[in-house]
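This report concerns only the one structure given below.
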Amino acid sequence: MTARPPVPPFTRETAIEKVRQAEDGWNTRDPEKVALAYTEDSRWRNRAEFVTGRDEIVAFLTRKWTRELDYRLIKELWAFDGNRIAVRFAYESHDDSGNWYRSYGNENWEFDENGLMAVRHACINDLPIKETDRKYDWPLGRRPDDHPGLSDLGL
């Protein structure tokens, strides 16, 4: 198995790095690429959906990004200990009718010794917003380093 640094136990700096790697991966909206950050048998709870393994992760993310268009995500470290990281996040997207949403949530992550995520628990709430209320204005893809984070945006 290939290691995916940083690996546990996490320091504040390596936990922040891991969170940014996850954010960058999800902002690619490439299910195959994103799934490689998870163990072969990774277990997820995402809202009320339960996902197990990379094949189900790819299927889940494919469905997600087919519905959530122009998806842009920001994650922020909340806490860490040993091989676990807690994050808060918000993302903006719209549906095929042009209705915009900002989705807020928290995730709890557990990593294996190689730095792959083995467990992911996500709680998410969706807030309808007007397109003019959007705060994520960078081109699709990685959030630029100079774009404000969640705390800077007051989210």
Legend entry - Charged N-O contact under 4.0 Å between Asp70 and Arg134: no

Inset, instruction - Please report the closest heavy-atom contact between Arg143 and Pro148, naming both atoms and the distance. - result: NH1-O, 3.7 Å

Legend entry - Co-membership, hydrophobic cluster, residues Ile85 and Trp26, 4.5 Å side-chain: yes

Legend entry - Side-chain donor-acceptor pair present, Glu68, Tyr91, cut-off under 3.5 Å: yes

Legend entry - Thr14 side-chain N/O to Phe10 backbone N/O, donor-acceptor pair under 3.5 Å: no

Legend entry - Arg54 versus Ala35, closest heavy-atom pair with distance: NE-O, 3.3 Å

Legend entry - Neighbour count above 12 (heavy atom, 6.0 Å) for Trp78 CH2: no

Legend entry - Where Gly25 and Val34 come nearest, the two heavy atoms and their spacing: O-CG2, 3.2 Å

Inset, instruction - Hey, could you give me the CD/CD1 distance between Glu40 and Ile57, rounded to the nearest 0.5 Å? - result: 9.5 Å

Inset, instruction - Quick one: pull up CG in Asp41 and OG1 in Thr52 and give me the separation to the nearest 0.5 Å. - result: 8.5 Å

Inset, instruction - Report yes if some heavy atom in the side chain of Phe89 is under 4.5 Å from a heavy atom in the side chain of Asn106; otherwise report no. - result: no

Inset, instruction - Tell me, please, which residues at least two apart from Phe80 pass ring-ring contact (aromatic ring centres under 6.0 Å, His included). - result: none

Legend entry - Near-ring test Trp109/Trp44, centroid separation under 6.0 angstrom: no

Legend entry - Joint hydrophobic cluster, Trp65 plus Tyr38, side-chain heavy atoms closer than 4.5 Å: yes

Legend entry - Check ion pair Glu92-Lys135 (N to O, under 4.0 angstrom): no

Legend entry - Minimum side-chain heavy-atom gap Phe60-Asn46 below 4.5 Å: yes

Legend entry - Criterion salt bridge (Lys or Arg N to Asp or Glu O under 4.0 Å) on Glu49 and Arg63, from CA distance to verdict: CA-CA 12 Å; Glu49 190 168 350; Arg63 286 190 315 275; 2.4 Å; yes

Inset, instruction - Would you confirm whether Glu76, through its side chain, and Ser151, through its main-chain N or O, come within 3.5 Å as a donor-acceptor pair? - result: yes

Legend entry - Single-linkage hydrophobic cluster, 4.5 Å side-chain cutoff, Leu116 and Val51 together: no

Legend entry - Donor-acceptor pair between Asn99 and His94 side chains, under 3.5 angstrom: no

Inset, instruction - For Asn83 and Phe111, indicate whether the former's side chain and the latter's backbone hold a donor-acceptor pair under 3.5 Å. - result: yes

Legend entry - Rounded distance [0.5 Å steps], CZ in Arg120 versus CZ in Arg43: 13.5 Å

Inset, instruction - With rounding to the nearest 0.5 Å, note down the distance linking OG1 in Thr39 to CG in Asn114. - result: 10.0 Å

Legend entry - Main-chain N/O of Gly115 paired with Lys18 side-chain donor or acceptor, under 3.5 Å: yes

Inset, instruction - State whether a side-chain donor-acceptor pair under 3.5 Å links Asn27 with Arg72. - result: no

Inset, instruction - Compute whether any side-chain donor of one residue and acceptor of the other, for Ser103 and Asp126, lie under 3.5 angstrom apart. - result: yes

Legend entry - Expected output: side-chain Asp95 to main-chain Gly98 donor-acceptor under 3.5 Å: yes

Inset, instruction - Spell out, yes or no, whether Tyr104 and Ile74 are grouped together once hydrophobic residues are joined by side-chain heavy atoms under 4.5 Å, including indirect joins. - result: yes

Inset, instruction - Please say whether more than 12 non-hydrogen atoms of neighbouring residues, nucleotides or ligands are located less than 6.0 Å from CZ in Arg20. - result: yes

Inset, instruction - Begin with the C-alpha distance, continue with both residues' side-chain angles, and end with the deciding distance and a verdict on side chain to side chain contact (heavy atoms under 4.5 Å, CB included) for Thr28 and Asp24. - result: CA-CA 7 Å; Thr28 69; Asp24 290 350; over 6 Å; no

Inset, instruction - Could you tell me which non-hydrogen atom of Leu73 sits nearest to which non-hydrogen atom of Tyr71, and how far apart they are? - result: CD2-OH, 3.6 Å

Legend entry - Heavy-atom pair with the smallest gap, counting every atom of Gly141 and Arg29: N-NH1, 3.9 Å

Legend entry - Check: Leu127 and Trp100 side chains under 4.5 Å, non-hydrogen atoms: no

Legend entry - SB check Glu107 Arg45 (cutoff 4.0 Å): no

Legend entry - Heavy-atom donor-acceptor pair, Gln21 side chain to Pro5 backbone, under 3.5 Å: yes

Inset, instruction - Return the minimal non-hydrogen interatomic distance between Leu36 and Arg4, and the atom names on each side. - result: O-NH1, 3.5 Å

Inset, instruction - Using a cut-off of 6.0 Å, state whether more than 12 heavy atoms not belonging to Asp133 lie near its atom CG. - result: yes

Legend entry - Side-chain donor-acceptor pair present, His147, Asp137, cut-off under 3.5 Å: yes

Inset, instruction - Determine yes or no for a side-chain-to-main-chain donor-acceptor pair under 3.5 angstrom, with Ser42 supplying the side chain and Met117 the backbone. - result: yes

